[in-house]
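Inspection log for the structure reproduced underneath, given as structure tokens.
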Amino acid sequence: MNRLAVYKKFAVLISFASLLPDAVFGTVVPRTANCQSNQYPGPTNPSFENGLSGWTVVSGNAFGNASVSSERSYWGGPFGQSGNNFLWGITESGESAVGILQSSSFQASSVMSFLVGGGWDPINLYVGLVTDADGKLLFSQTATNDEALIRIIWDTSAYAGQEVHMVVVDSSNATSWGHINLDDVRTGCDALADGSLTFNVLGQNNQPSQSSSLLTAAQLYALDQIRPQFHYTPYQGWINDPCGLIEWGGKYQLMSQYNPVAPVWGPMHWSHVESPDAVHWKELPVALYPPYPNDPSDTSGRYTGSALLDKDTGALQVIFTDATDTALHPDALPEVVSSAISQDGVTFELFSSNPIISSPPSDSSSGFRDPKVFWDITDNTWKMVVGSGDATSGKVQLYEATGSPNSELVSWKYVGVLYKGDGSTGPMWECPNFFPIDGKWALFYGGNGLGYYDVGTYNGTTFTSEKKGLLDAGPDSYATQWFVDSAGRNLAITWMGNWGTSKWPSRVNGWAGAQSIMRELFIREDGGLGSKPIREVSSLASGPATSLGATNVNGTIAVGSSNTARLQVSVDLASTNAPAFTIQMYSSSAERVSLVYTVANQSLALDTTQAGYGQVGVWTATIASPANKVLSLDILIDRSSVEIFAQDGTAMTATIFPRYQDSKDIEIVSRGGETVFESIVLTPLGSAWS
Ligand SMILES: *[C@@H]1O[C@H](CO)[C@@H](O)[C@H](O)[C@H]1NC(C)=O
Ligand SMILES: *[C@@H]1O[C@H](CO)[C@@H](O)[C@H](O)[C@H]1NC(C)=O
Ligand SMILES: *[C@@H]1O[C@H](CO)[C@@H](O)[C@H](O)[C@H]1NC(C)=O
Ligand SMILES: *[C@@H]1O[C@H](CO)[C@@H](O)[C@H](O)[C@H]1NC(C)=O
Ligand SMILES: *[C@@H]1O[C@H](CO)[C@@H](O)[C@H](O)[C@H]1NC(C)=O
């Protein structure tokens, strides 16, 4: 697609959003009380169980009889259709085909819902509701760049009784994510619930506009039923890697790779939030803009980087990858290192001497990005690691700052390769971090979509690994960034996502991506790199904790019902005679997340195979046996995520997107014997937005 076409497309998107009626924005929960009074039958064959019967091909060849599929799964997991069949927009004529499909006419009820999947493209790929009389598009909803089907709810009460029809519009000829899927159109009360279970209210039309709303950030964030409350997420748009972590001006600074225009990756900005305590955040203006912000088709951007204090002036300096879209700028290098400085911690000014590293060192054919600055205690210099790799192996490049160590670090000298992989962790290492900790040196980086660490020794030029592992054993952690705060703690935040396997169903609400809570790093007893929540997380408590005290569990016990909570348990393994116990979270009769600890092999398994719209799988970690035989787990549950920390330093992070509002129960199950808990404490946690 040419640049102008894409630009126009985004311009249309922005004006389209502002044209939606105010009544729609801000009406988050449909009026369940009167939905009976306006119940009308919906369209014919609403779930495609009778093929395409009742649906009409209006134009194009994207849709036809072959569109109706009974496949149950694809490369990324289950489709999640209702009944046997659903409309799979790719099967009739492939990705690039275009066309419009229309339902039979029906009288609008006060509420309706349906399942949507396929490409994210609000202009060219959507399911819409149209009035018969004048052809006006009342609502539209695009999908998520995922085949899986997500339930959308529309408050149609303003049109109740009017003759309407649905349209399935595919005017995208894209060869990737150029199709849209639909299933299970419901009207009336059935739109809101399956039996006694109530659907989460999802869909872009339910999200109030941030700029025109009178609600506070905390209130706005609370309205979205799948949005984390005490983790940073962008209100709208996409985030990935944390950037520029530092304690500066007495506040913790968190910036993030950010695309404000859409909940998909794009021209990278840096979003910016700050916090007095590393857990409560306040939004600041965008810190860095891409070089061509008015042309969304130009993916040149300010990629991941790090921050430091200019001791001479007190300014905040950031050093980052300046990425250039070489398809549009063929004479430029794709990745160089640039810098910007801020006197007030809000507005950043690019250095006129940019780039500060104008080309990668030799043998960096896979890439050259994500500069991370650190103070080298072996020779009292500022150094910087940059991710890189050659045809076979990821590597970390080392630079040393020349000039005064107290002022703007804009002159850098190449030292050499700090450390190189054996190829098993991929040909490109991203987001390297390198720092002294507890008498050792820790190196971590992303390779092959996973976050790895090495702990070992360093002699000023070269790192030698003694112990390797994963920074996080769960499915949704990548691009972790470390920094030291004024208390001398080694802290880190990880992006709760990765490129290979994560799913972003929250795209239907206009946002994607979340950052972890602040973690403190330490060297584990086995020599590995461990993490735990910082103590300030306890200040998020929004009410008194429920403490079950010493409890012997044989069977199932209810711990509580919450999707924004901290669950802390201690298990006396010496007295436990059950072979395993399970902690169930986000649990209802329809779905749950299960965390199973098997005593014999000390294995902790996180199972999301029954857990809603997110990634489906089982992830395991072996938990080192504590000397006192007491296993402690600290679990942070936040509407669409779970972070699990074991006492040995193991972390497991997953994003979870429940289907039902009822999926909040927390239970502990012990079968085949007793699990002896020394304590079970459930603390409600509140909003991170001040
Ligand atoms: C689908 O198949 C039916 C029965 O063979 C046929 O009547 C109809 O025209 C077909 N529809 C389309 C869109 O091809
Ligand atoms: C997609 O559609 C546009 C606009 O109609 C057209 O210019 C372009 O050539 C099409 N691309 C393909 C691959 O068909
Ligand atoms: C550091 O170790 C590397 C690898 O053993 C060696 O080549 C280098 O000379 C050492 N540097 C110093 C300063 O000792
Ligand atoms: C531990 O044992 C359980 C139960 O036998 C088994 O399902 C699981 O796969 C084992 N885990 C590991 C990591 O060996
Ligand atoms: C656990 O409960 C079962 C049945 O409820 C009982 O038979 C068994 O003896 C109990 N086990 C222990 C260790 O209490």
Side-chain angles (χ1 to χ4, degrees), residues 44-45 48-70 85 87-94 97-104 167-168 170 182 376-381 383 385 395-400 413-422 434 436 440-441 443 454 456-466 469-470 473-475 526 571 573 576-583 594-609 617-625 631 644 646 648 650 652 669-673 675:
T44 303
N45 187 23
F48 301 96
E49 297 305 311
N50 301 319
L52 219 51
S53 156
W55 294 79
T56 308
V57 174
V58 175
S59 64
N61 63 347
F63 302 105
N65 283 322
S67 301
V68 177
S69 172
S70 59
N85 295 346
L87 184 80
W88 190 6
I90 198 174
T91 42
E92 174 79 14
S93 302
V98 298
I100 298 176
L101 185 70
Q102 178 174 321
S103 77
S104 64
V167 287
V168 189
D170 176 353
L182 173 67
D376 187 346
I377 54 169
T378 67
D379 60 1
N380 291 325
T381 57
K383 291 219 175 60
V385 284
K395 57 177 96 163
V396 177
Q397 305 286 7
L398 185 65
Y399 285 80
E400 181 180 325
K413 158 181 108 182
Y414 180 56
V415 176
V417 175
L418 173 76
Y419 188 60
K420 184 175 171 173
D422 60 8
F434 188 54
K440 292 286 179 185
W441 281 80
L443 173 69
D454 285 89
T457 59
Y458 168 63
N459 68 3
T461 58
T462 307
F463 172 76
T464 306
S465 173
E466 294 170 347
L470 286 174
D526 68 359
V571 184
L573 294 173
T576 291
N577 61 24
F581 69 88
T582 301
I583 297 174
S594 298
L595 183 68
V596 185
Y597 181 78
T598 304
V599 178
N601 57 13
Q602 302 170 56
S603 123
L604 192 63
L606 173 66
D607 182 339
T608 66
T609 52
V618 180
W619 292 269
T620 61
T622 301
I623 306 303
S625 185
L631 169 73
I644 299 152
D648 69 345
T650 300
M652 291 179 113
V669 184
S670 177
R671 291 208 182 86
T675 302

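Both ligands and their constituent atoms are indexed starting at 1 by order of listing.
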**Study point:** CA sep, side-chain torsions, deciding dist, call: T378, N459, side chain to side chain contact (heavy atoms under 4.5 Å, CB included)
**Key:** CA-CA 7 Å; T378 67; N459 68 3; over 6 Å; no
Point to revise | Worked check of ring pair (Phe, Tyr, Trp, His ring centres under 6.0 Å) between Y458 and F434 | key: CA-CA 10 Å; Y458 168 63; F434 188 54; 4.8 Å; yes
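If you check which protein heavy atom lies closest to atom 1 (C) of ligand 1, you get N65 ND2, 1.4 Å.
Under the side chain to side chain contact (heavy atoms under 4.5 Å, CB included) rule, L101 has a single partner from L87, V167, V58, which is L87.
Within 4.0 Å of atom 11 (N) of ligand 1, at least one protein heavy atom is present. There is no protein heavy atom closer than 4.0 angstrom to atom 5 (O) of ligand 4. Within the 4.0 angstrom cut-off, atom 14 (O) of ligand 3 has one or more protein heavy-atom neighbours.
A donor-acceptor pair under 3.5 Å is formed between the side chain of E92 and the backbone N or O of A66. Between the side chain of T620 and the backbone N or O of A605 there is no donor-acceptor pair closer than 3.5 Å. Distance alone, capped at 3.5 Å, places no donor-acceptor pair between the N50 side chain and the N45 backbone.
The heavy atom nearest to atom 8 (C) of ligand 4, considering only V599, T620, N601, T598, is found in N601. In the candidate list N459, T461, T462, N459 is nearest to atom 2 (O) of ligand 3, counting heavy atoms.
Counting the atoms of ligand 1 from 1 in the order shown, those under 4.0 Å from a heavy atom of V57 are 13 (C).
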